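Values in this document were obtained by computation on a predicted structure and should not be read as measured data. Side chains included, hydrogens not; waters and symmetry mates left out as well; all remaining heavy atoms used. Below, read A as the first sequence line, B as the second, and so on, with proteins coming before strands; counting in each chain starts at 1.
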Amino acid sequence: MVNEVAGERSLNFLEEIIEESIAKGEKRVHTRFPPEPNGYLHIGHAKSICLNFGLAKKYGGKCNLRFDDTNPVKEDVEYVDSIKEDVQWLGFNWAEEHYASDYFDQLYDWAVELIEKGLAYVDDQTQEEIRLTRGTVTVPGKESPWRNRGAEENKDLFRRMKEGEFADGDKVLRAKIDMAHPNMLMRDPIMYRIIHSEHHRTGDKWCIYPMYDYAHGESDSIEKITHSICTLEFDVHRPLYDWFIEKLGIYPSHQYEFARLNLTYTMMSKRRLLQLVQEGIVTGWDDPRMPTICALRRRGYTPESIRAFADKVGVAKRDNIIDYSLLEFCVREDLNRTALRRMAVLDPIKVVITNYPEGKTEIINAVNNPEDERAGTREVPFSREIYIDRDDFMEDPPKKYYRLSPGAEVRLRYAYLIKCEEVVKGADGDIKELRCTYDPESIGGGSSDGRKVKGVIHWVSAAHAAKAEMRLFDRLFTNEDTSDIAEDKTFKDYLNPDSLTVVTGFIEPSLLGAKEVEKFQFERVGYFCIDRDSTASKMVFNRTVTLKDSWAKMAAK
RNA sequence: UGACCCAUGGUGUAAUGGUAACACUGCAGAUUUUGGUUCUGUCAUUUUAGGUUCGAAUCCUAAUGGGUCAACCA
């Protein structure tokens, strides 16, 4: 249709579903974010979190945080804690905190009820036999010889499973549905398996644990979730989800699926991320190159930028792969508004201003953030010897190079115009220092004779600057689409060898004593934050993202 | 060679039977004491074939392409 009112966005398909359900008389909107505590949350989860909490907020409803902790061998409180921290950091508060494990008693009772209705049975077949008799996508499965046991026998066996009479794998409880069903998940799916393992919450109370399919819909139902939103691959699970709810006659939650987030040059599966951590390819779950929430936080991403990103990627049902540049756009957009401007030199060359008095120091007031007047100014010392970045000098510059070169003049940001008079080289031919002269009348922005100078470069006073470690990050993988990295590969062939570069640079003194929460723009270089490895004697900065660099693009051509 | 899901610029997302648009990216220019920001302009889109209709990105059918499912994972 034609005109949309300005500012009014069209609805995504989930919003349409919710509005339809409201139109049909549904009074509530209650969603949930249901992670399994078996790893750290990543940017893909952020999309789901923003969606679930966002939908609840938009429609005046609630969103629960529920841990899908039905498999004790994979789960740990370490993950529970990190998940809570990440959700809160993103800016969301859950209405209720739940654990699937809190429902184990209820789930057990319901399983008994299904047994009594003749809808579930204990199967003595081995894992191998069950696999073999399931059939394939084109061949129907075969019924288990134990499929038609009586309810009493099933109940007794199931109770004994619970009481620990059998070893892992000896028996399972299966739903009695249809071994010839075209949907493999409906071929007598397993509801319970025996796992003699300590659970991070229930300890050794249980040795039988419900499967995802049996636990999830019921958990939604117990919490009276109205819209159970999950990713596309669960689409085939929906008939089973509905089957349990229908047979049990409990609150009818409904499941809806959306396409998960994929990002270029990024691997998103928890299994793969765990592998990166375990093999030491990265330093941990919060290595700033990781796509995890904690890594993005450590890297300097803000919750606002991630929420903006989640909003911009949209929600639909088709597979997608989002350009990494969109994420970068979102942080830059946020940090440009808020980050304090500072000067830092990553790859220094010394510059001596020969006509500037020795021993003199001037204090220059520099604006903290041109986008925000309230940010005020800070004091920056200037003296005879300074450092500039190696990028900002070329002995033999190409056309349109506005920076420093022999005989050329450039503006030192906030300070004077300087002209390069001499290049001093070491025995190896390396540039040791630049000897320049300055125009004493050029401080406010003008010049002694009104001449205009195009180039502006950043600098730090050598006598006042502090050394600092700078960690520069790049993509972890070389492939734009990492899904085509074959499953059986170690994926080491696809790692970017230059994903981390560590340099020692110089920072302006106002950065000393800065707090870890503060975000900075090193002018003309990029956005940086203070890493948690930083100490008073040795500061460590992470580069969140570079500034857009149209010169680098031009130079590359 | 099954069932199900999906198909709009390079990447995403809208348009809900009536002029295919917005964002990112790319490109060009203006402004600029950040080659940043901002601003302006610009390249580029309905998988194919039938059908329904005055009219189809939209509805129907088929084909094609992509995805998911054969863990006692979630």
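The side chain of A:Q127 sits closest to B:C72 out of B:G36, B:C72, B:C73. Checking B:C6, B:G36, B:G35 against every side-chain atom of A:K317, the shortest atom distance belongs to B:C6. Of the candidate nucleotides B:A71, B:C27, B:A74, B:A71 has the atom lying nearest to any side-chain atom of A:R131. Checked against B:U34, B:A70, B:U11, the side chain of A:R341 finds its nearest nucleotide in B:U34. With B:U34, B:A70, B:C73 as the choices, the nucleotide that has an atom nearest any side-chain atom of A:T136 turns out to be B:A70. Comparing B:C6, B:A74, B:U25 by their closest approach to the side chain of A:K548 singles out B:U25. Each of B:U32, B:U37, B:A74 was ranked by its minimum atom distance to the side chain of A:E371; first place goes to B:U37. Between B:G2, B:C73, B:C69, one nucleotide has an atom nearer to the side chain of A:V236 than all others, and that is B:C69.
Base engagement by A:T126 is indicated by at least one non-hydrogen atom pair under 4.0 Å involving a base atom. If you check every strand for non-hydrogen atoms under 4.0 Å, A:L547 touches a base. Residue-level contact check: A:E480 touches neither bases nor backbone, having no heavy atom under 4.0 Å from any strand. Among the atoms of the strands shown, none is found under 4.0 Å from any heavy atom of A:G455. Residue contacts shown for A:E523 include a base, since a base heavy atom lies under 4.0 Å away. Using a 4.0 Å heavy-atom criterion, one finds that A:P370 contacts the bases of the nucleic acid, with or without backbone contacts as well. At a threshold of 4.0 angstrom between heavy atoms, the contacts of A:M211 are confined to the sugar-phosphate backbone, with no base atom among them. Residue contacts for A:Y527: at a heavy-atom cut-off of 4.0 Å it reaches no nucleic acid atom on any strand shown. Within the 4.0 angstrom heavy-atom criterion, no nucleotide atom of any strand lies near A:V139. Among the atoms of the strands shown, only primed sugar atoms or phosphate atoms (P, OP1, OP2) are found under 4.0 Å from some heavy atom of A:I321. Across all strands shown, A:D549 has heavy atoms under 4.0 Å from sugar-phosphate atoms exclusively, and none from any base. Residue-level contact check: A:L263 touches neither bases nor backbone, having no heavy atom under 4.0 Å from any strand. Residue contacts for A:V172: at a heavy-atom cut-off of 4.0 Å it reaches a base atom on one of the strands shown. Heavy atoms of A:R134 sit under 4.0 angstrom from primed sugar atoms or phosphate atoms, though from no base atom.
The separation between A:Q255 atom CD and B:C5 atom C1' is 13 Å, rounded to whole Å. A:D311 places its CG atom 13 Å from the C1' atom of B:A14, with the value rounded to the nearest Å. Rounding to whole angstrom units, CG of residue A:L240 and P of B:C73 are separated by 15 Å. When the P atom of B:G67 is taken as reference, atom CG of A:D319 falls 8 Å away, rounded to whole Å. Going from atom CD of A:E128 over to atom C1' of B:A70 covers 13 Å, rounded to whole Å. B:A70 atom C1' lies 3 Å from atom CE of A:M184, rounded to whole Å. B:C73 atom P lies 10 Å from atom CG of A:D168, rounded to whole Å. Rounded to whole Å, atom C1' of B:U68 lies 11 Å from atom CZ of A:R260.
When Watson-Crick and G-U wobble pairs are counted only if both distances are under 3.5 Å, B:G35 pairs with no nucleotide at all.
Considering only side-chain N and O atoms, A:S10 lies nowhere under 4.0 angstrom from the phosphate OP1 or OP2 of B:U13. Here A:R193 reaches the OP1 or OP2 of B:C73: one of its side-chain N or O atoms lies under 4.0 Å away. Put simply, A:K270 has no side-chain N or O that comes within less than 4.0 Å of OP1 or OP2 on B:C73. Within the 4.0 Å cut-off from OP1 or OP2 of B:A70, not a single side-chain nitrogen or oxygen of A:R187 is found. The side chain of A:T264 contributes no N or O atom lying less than 4.0 Å from OP1 or OP2 of B:U11.
Relative to the ring axis of A:F520, A:R342 does not place its NZ or CZ within 45° and under 6.0 Å from the centre.
Toward the 5' end of RNA chain B, the nearer of the two residues A:G314 and A:G169, judged by each one's closest nucleotide, is A:G314. Closest-nucleotide positions on RNA chain B for A:H237 and A:G135 were compared, and the one nearer the 5' end corresponds to A:G135.
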Assess the residue pair A:E163 and A:R160 against the criterion (salt bridge (Lys or Arg N to Asp or Glu O under 4.0 Å)); give the C-alpha distance rounded to whole Å, side-chain angles, the decisive distance to 0.1 Å, and a yes or no. CA-CA 5 Å; A:E163 285 168 3; A:R160 289 161 61 195; over 6 Å; no
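A:E328 and A:Y527 share no side-chain donor-acceptor pair at under 3.5 Å. In the model, A:D439 has no side-chain atom that pairs as donor or acceptor with a side-chain atom of A:S447 under 3.5 Å.
The gap from the P atom of B:C43 to that of B:A20 amounts to 16 Å, rounded to the nearest Å. Between the P atoms of B:U68 and B:U48, the separation comes to 25 Å (whole Å). Comparing the same atom, P, in B:G36 and in B:U45 gives a spacing of 29 Å after rounding to whole Å. Taking atom P in both B:U47 and B:U37, one finds a spacing of 34 Å when rounded to whole Å.
Within residues 325-333 of chain A, the residues approaching RNA chain B are A:S325, A:L326, A:F329, by heavy-atom distance under 4.0 Å.
Applying the 5.5 angstrom centroid cut-off and the 30 degree plane-angle cut-off, the aromatic ring of A:Y212 is not stacked upon the base of B:A74.
With respect to A:E233 and A:R260, a salt bridge is recorded, a charged nitrogen being found less than 4.0 Å from a carboxylate O.
If you run salt bridge (charged side-chain N to carboxylate O under 4.0 Å, His left out) between A:D392 and each of A:R413, A:R524, A:R411, only A:R524 comes through. Partner A:Y212 forms a ring pair (Phe, Tyr, Trp, His ring centres under 6.0 Å) with one of A:Y241, A:F244, A:F234 and no other, that one being A:F234. With A:S228 as reference, A:H216 is the one residue of A:E223, A:H216, A:E257 to meet the side chain to side chain contact (heavy atoms under 4.5 Å, CB included) rule.
To the nearest 0.5 Å, the span separating CZ on A:F541 from CG on A:L346 amounts to 10.5 Å.
The ring of A:W459 has its center closer than 6.0 angstrom to the ring center of A:F382.
In this structure the side chain of A:R201 never reaches within 4.5 angstrom of the side chain of A:F67, judged on heavy atoms.
The side chain to side chain contact (heavy atoms under 4.5 Å, CB included) search around A:V277 returns A:V282, A:W285, A:M290, not counting sequence neighbours.
B:A20 adopts an anti glycosidic conformation, its chi angle falling more than 90° from 0.
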